[in-house]
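Small disclaimer: the values here were computed from a predicted structure and weren't measured. Atoms within each ligand, like the ligands themselves, are counted from 1 in listed order.
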Amino acid sequence: MEPAKIKAVMPVAGLGTRFLPATKATPKEMLPVVDKPAIQYVVEEAVAAGIRDVLMIIGRNKNAIANHFDAMPELEGKLTEKGDDRKLGHVQHSSSLADIHMLRQGEPKGLGHAVFRAKSHVGDSPFAVMLGDDLIDERDPLLPKMIEVNEQKKAMVIALMEVDPEQISMYGCASVEATDDPDVVKILDLVEKPAKEEAPSNLAIIGRYLLTPEIFDVLEHTQPGKGNEIQLTDALKEVATDDDNVDVYGVIFRGRRYDTGDKLDYIKAILQLASDREDLGPDLRPWIKDFAATL
Ligand code: G1P
């Protein structure tokens, strides 16, 4: 399947309570990571993998996201008058990236429910689910490998990352079997946010999934699980453990990932990305060193 035919689904209906009061009136996906809203990195990642159609599953209070990916004639007119092509380019870039569609989730019943809402938009093709809290560094592409595994195995594919066992209770966790490819594993079982004593491995699901439409048949009857929410992990567990269903494979990601869903990690993400930038890094890096010496 050509990437251009694959659609991306981005669930962005969360309330972002961890970032209050910043997220009282601003969606957490719009918080800037250096100088771009977090969600723009995720859309750019989809576009870099050849995806041109993005469906955002939104909640109330998310108008700023729709506005960000829309044209802004008044601002564009002002910048054109001033001849500020650089800023004009920045403004126009986000609205020309992809076709962005918005769908309200309705009731906030969990990630599985949000994905289920994408059913009629997605149709009969494999599609990517991309969570806005996980930023994947553009220098370490992950989606192309997932698309390749989906095509080869005709299976669903999830992204996994080795984490410190102390952290596994923050993630979905996979029990796996090796394949000939050291970066690809077969998923035997999954559990959402297990206690560290009960975790079958230290392989955590990170927020990238390449699913096939069979997931909707399962999500339709998936009961609320952890946190009384309909969990995507529970639906994938059913797919992986049911012999009649397609297989689920995992791609182990060993590149740079930034978590913007947590305050401390969000600050780290900004520093890491800014220190790598040509326009900011040369001044920022020595400052970080001096600052660290004062601690
Ligand atoms: C979700 C998934 C979880 C996954 C995580 C990745 O959890 O339910 O399985 O490991 O995303 O970021 P959330 O972080 O939305 O609670």
Side-chain angles (χ1 to χ4, degrees), residues 8-19 23 27-29 31 33 38-39 41-42 45 56-59 62 105 108-118 128-137 142-143 146 156-176 185 187 189-196 198-211 215 218-219 222-241 248 250-253 255-266 268-269:
V9 175
M10 300 185 185
V12 291
L15 294 175
T17 51
R18 276 193 266 182
F19 284 86
T23 48
K28 68 170 175 175
E29 295 79 10
L31 295 181
V33 177
I39 191 69
Y41 288 85
V42 185
E45 181 194 340
M56 303 218 179
I57 311 291
I58 58 172
K62 302 282 178 169
Q105 185 177 357
K109 292 203 263 184
L111 178 58
H113 176 253
V115 172
F116 185 67
R117 297 280 290 130
V129 172
M130 305 174 73
L131 306 189
D133 286 347
D134 288 296
L135 301 192
I136 302 294
D137 197 298
L142 165 62
L143 271 182
M146 296 177 72
M156 300 198 201
V157 187
I158 61 179
L160 299 172
M161 203 173 97
E162 287 182 32
V163 298
D164 183 331
E166 295 295 324
Q167 305 219 303
I168 196 73
S169 61
M170 291 158 47
Y171 297 95
C173 174
S175 161
V176 304
V185 289
I187 306 293
D189 203 356
L190 291 167
V191 50
E192 177 69 1
K193 304 196 175 120
K196 89 170 181 215
E198 276 144 38
S201 75
N202 67 337
L203 287 172
I205 304 175
I206 53 172
R208 299 292 179 273
Y209 307 78
L210 212 290
L211 304 178
I215 196 71
V218 179
L219 281 169
T222 303
Q223 296 299 309
K226 202 103 197 175
N228 204 27
E229 293 188 344
I230 298 173
Q231 296 291 351
L232 183 58
T233 305
D234 292 345
L236 284 163
K237 172 194 171 81
E238 184 178 325
V239 176
T241 55
V248 184
V251 167
I252 300 179
F253 182 64
R256 287 160 280 194
R257 163 186 172 263
Y258 314 98
D259 179 355
T260 58
D262 171 85
K263 251 183 258 186
L264 185 61
D265 287 329
Y266 170 74
K268 290 182 193 167

List in chain and number order the residues that pass salt bridge (Lys or Arg N to Asp or Glu O under 4.0 Å) with Asp265, two or more places apart in sequence or in another chain; answer none if no residue qualifies.
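Partners of Asp265 under the salt bridge (Lys or Arg N to Asp or Glu O under 4.0 Å) test: Lys268.
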
Glu229: what forms a salt bridge (Lys or Arg N to Asp or Glu O under 4.0 Å) with it, not counting sequence neighbours?
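Result, salt bridge (Lys or Arg N to Asp or Glu O under 4.0 Å) vs Glu229: none returned.
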
Would you please indicate yes or no on a ring centroid separation below 6.0 angstrom for Phe19 and Tyr266?
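Yes, close enough.
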
Note down each nitrogen or oxygen pair, ligand 1 side and protein side, whose separation is under 3.5 Å; give only atom names and the distance to 0.1 Å.
residue, atom, partner, partner atom, Å
ligand 1, 7 (O), Lys193, NZ, 3.4
ligand 1, 8 (O), Glu192, OE1, 3.4
ligand 1, 8 (O), Glu192, OE2, 2.7
ligand 1, 9 (O), Gly172, N, 3.0
ligand 1, 9 (O), Glu192, OE1, 2.7
ligand 1, 9 (O), Thr233, OG1, 3.2
ligand 1, 10 (O), Gly172, N, 2.9
ligand 1, 10 (O), Ile205, O, 2.7
ligand 1, 12 (O), Asp134, OD2, 2.9
ligand 1, 16 (O), Lys193, NZ, 2.5

Residues in side-chain hydrogen bond (donor to acceptor under 3.5 Å, both in side chains) contact with Asp234, at least two apart in sequence or another chain
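If we apply the side-chain hydrogen bond (donor to acceptor under 3.5 Å, both in side chains) test to Asp234, skipping adjacent residues, there are no hits.
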
Thinking salt bridges, do Glu29 and Lys62 make one under a 4.0 Å N-O criterion?
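Yes, charged N to carboxylate O under 4.0 Å.
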
With no hydrogens and no angle check, is any side-chain donor or acceptor of Lys193 less than 3.5 Å from a backbone partner on Lys226?
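No.
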
